[in-house]
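Structure record follows, encoded as structure tokens.
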Amino acid sequence: MTTVRRVYLYLASFIGLLLAVVGIVLLIGLIVDQGFEAFRGSSVLGSTSALALIIVGVVGWRVYWRVVQRDANSVPQERACGTRKAYLYGVMTLSLVIALVIIQLLLSEMLIRLFDTGWQGYKPWTPLLSAIWLVVIWRWHDWIALTDQSANSDGTRGGDLRRGYWFVLAAYGVFGTISGLTTFFAGLLSHLGGRAPLAARGTWMQTLFPPLVQILVALVVVWFFWRSSQRKAAAGDEVERSARLRSILIHLVVFVAAIFVLGGTQTALTDILGRLLNGPSRDSLLVLTLNGPLAQIIVGILIGWYFLKAVRPTLNTPRLAEYIITGVAFFIGLAALISLVTALLQVLGGRGQRIETLIVQILPGLLIGGIVWLWRWSRLEKDAKAVAPSAQETVVPISGEAGLVQPGVNEARTYVWRKVYLYFFQFVGLIMLLIGSVILLQTVLTQIFGTSSRSGSSGNLFADLASPLALLIVGGGLMFYLLRVITADARLSGLSADELMRRTLGDTWPTWIPIVLIFGILPIFIIVLLALLGPAIGNIFSNISGGL
């Protein structure tokens, strides 16, 4: 069978199955709401449409599925083809995820009605029967996939697609647990303050039951789709330990945990400092404003504890997690540093804010982001600068020669995610330089052409230039620092400047191109910038003197 014909048959089978499922769900809803009256009067149009979808979908699915099953049973290559695996695992993923969402909503509503609003007028049969039907579809396709697997008909794509199916469901369970825990703890902490966190919710049961049910459903999914992988990895299964999708899921969770802990701590510290320096807002208890950040901190710490205790020992290296935490802290610290430089420049322009406001806005980010970044980055730098022991020297055989002795390589220095981290933040610094330059030129040109009354202008050119100048200063400093780190890595690795340039830009770029960019275009840009700033220099200093 050709690939095009195979794709057509499985796609037609999927469309037929989809039409049948939609028709059955619609018909179930009509019968539950109206009974047999759904086939009379004004409701006939809805019921006949649902029946038409069911008949067309079932017939279409049956015709095409019968063809692909006949080919799969007679030709082993057809049973092991990637298109068949994509169809099976795609249907299984969609049907199970949608069924889990329906079950979660159904259980939440049932608990709220059981303990709060009562059962009057409630008809749970439509979502219940729809979920059951989707579970049946999932189980039937799961049986087919297991039959193919037991018959050694996985093919070249079966394992990868099955792992992708596992990844989607495991991610649903893990992130559903995180989301539910965060919402539940936020609501619970608000309950201690005597106020519901969501105005649309009438009672505490309506606030706390939905996230609680989400946690329970997600934990069931985690038990079936994450725990098996974790147990295999903990037992030493190298295939499971080195699986890329498993690594992606783990480090996505680490990224979320880092944002929760660091971002939540920054938000909580900002609110506490604001209350100490400016006084609390009217009718606002501390627990009502800290419920969200505290919930994030609690969930982030729980994730971190599980990662350190259970997941980290199963990783080949924990360095990527270290760089993720360091990167999140670096972002927080950079944002605070830009705000600090902007505030200092605004003070020079006579438009500075109150010291209490500056402390509340800037200090938490500097403390949380800066301290965590220094703590983790210093450790990463220490590992990268360590000299590889001579005992790691290896002999590399060369054709026609006895061999070539090479020194041991420092894996921490050559780690690919270290390079990604360095060049990513260097790119961030470049973007800051470009944005700062554009805003600065726009502001200066606006002042030169006499249209300073534009929206957002403060009337003080130096104060207006504070933000772009801060971006230029911080972005330039960031690029300079990271370039020194990259140069130090190259020097410790024994690379020349030319080799460093070629490895940075790629072997296809001649070395003279970056030299022209640095020593040719950059001076021209500075000269043009100074020429444009020239007419406004007097105005800048007059505004400074007037503001002071």
Listed by chain and number, what are the salt bridge (Lys or Arg N to Asp or Glu O under 4.0 Å) partners of R376, not counting sequence neighbours? E322
Please name the pair of heavy atoms, one in A466 and one in Q346, separated by the smallest distance, quoted to 0.1 Å. CB-CG, 3.4 Å
Is the shortest side-chain N to carboxylate O distance from E240 to R163 below 4.0 Å? yes
Looking only at non-hydrogen atoms, find the nearest pair between S130 and T126 and report the distance. OG-O, 2.7 Å
How many angstroms lie between CD1 in I132 and CG in L128, if you round to the nearest 0.5 Å? 4.0 Å
Distance from I338 atom CD1 to L472 atom CG, nearest 0.5 Å? 10.5 Å
Side-chain heavy-atom pair I439, S467 within 4.5 angstrom cut-off: no
If we only count heavy atoms from C-beta on, is the L208 to L212 side-chain gap below 4.5 Å? no
For the rings on F330 and W373, is their centre-to-centre separation under 6.0 Å? yes
Would the F427 and Y423 ring centres measure less than 6.0 Å apart? no
Under the criterion side chain to side chain contact (heavy atoms under 4.5 Å, CB included), I'd like the reasoning laid out for W377 against Y323: C-alpha separation, chi angles, the key distance, then a yes or no. CA-CA 8 Å; W377 181 244; Y323 278 104; 3.9 Å; yes
Going by heavy atoms in the side chains, are H251 and I324 under 4.5 Å from each other? yes
For the CD1 atom of I259 and the CD atom of Q296, what is their distance to the nearest 0.5 Å? 9.5 Å
Derivation and outcome, side chain to side chain contact (heavy atoms under 4.5 Å, CB included), residues T326 and R379: CA-CA 10 Å; T326 306; R379 180 176 178 179; over 6 Å; no
Minimum heavy-atom distance T267-P293, with the two atoms named: CG2-CG, 3.6 Å
On a heavy-atom basis, which atom in P468 and which in G436 lie closest, and how many Å separate them? CB-O, 3.3 Å
Separation between CZ of F425 and CG of L478, rounded to the nearest 0.5 Å: 8.0 Å
Find out whether L294 and F185 are in side-chain contact, i.e. whether some heavy atom of one side chain is under 4.5 Å from a heavy atom of the other. no
Check whether any side-chain heavy atom of V21 sits under 4.5 Å from a side-chain heavy atom of I137, and report yes or no. yes
Please round to the nearest 0.5 Å and tell me the distance separating atom CG of L363 and atom OG of S339. 12.0 Å
Does T487 reach the main-chain N or O of L483 with its side chain, forming a donor-acceptor pair under 3.5 Å? yes
So does W375 get a backbone contact from the side chain of S378, meaning a donor-acceptor N/O pair under 3.5 Å? yes
Can you classify the ring geometry of Y89 versus Y165 as parallel (below 30°), tilted (30 to 60°) or perpendicular (above 60°)? tilted
Judged by atom type as modelled, is there a donor-acceptor pair below 3.5 Å linking the side chain of N291 to the main-chain atoms of A186? yes
R418/V485 under side chain to side chain contact (heavy atoms under 4.5 Å, CB included): CA gap, chis, key distance, verdict: CA-CA 11 Å; R418 174 178 174 83; V485 175; 3.5 Å; yes
Does atom OH of Y481 have more than 12 heavy-atom neighbours, drawn from other residues, nucleotides or ligands, at distances under 6.0 Å? yes
Would you name the heavy atoms of S108 and V213 that are closest together and state the gap between them? OG-CB, 3.5 Å
Once rounded to the nearest 0.5 Å, what's the spacing between atom CG of D489 and atom CG of L422? 6.5 Å
Within the structure provided, determine whether V261 and I325 are in side-chain contact (heavy-atom separation under 4.5 Å). no
List the atom pairs, with distances to 0.1 Å, where a side-chain N or O of residues 301-321 and a protein N or O form a donor-acceptor pair under 3.5 Å, not counting sequence neighbours.
from: Y306; atom 1: OH; to: W226; atom 2: NE1; distance (Å): 3.0
from: T314; atom 1: OG1; to: R246; atom 2: NH2; distance (Å): 2.9
from: T314; atom 1: OG1; to: V311; atom 2: O; distance (Å): 2.6
from: T317; atom 1: OG1; to: R319; atom 2: N; distance (Å): 3.3

Between L345 and L465, is any pair of side-chain heavy atoms under 4.5 Å apart? no
Which pair of heavy atoms, one from G365 and one from Q266, lies closest together, and at what distance? CA-NE2, 3.7 Å
May I ask you to decide if I178's main-chain N or O and T182's side chain share a donor-acceptor pair within less than 3.5 Å? yes
Going by heavy atoms in the side chains, are I248 and F167 under 4.5 Å from each other? yes
Evaluation steps, side chain to side chain contact (heavy atoms under 4.5 Å, CB included), between V253 and F175: CA-CA 8 Å; V253 174; F175 288 108; 4.1 Å; yes
Would H141 and Y87 count as a close aromatic pair, with their ring centres under 6.0 Å? yes
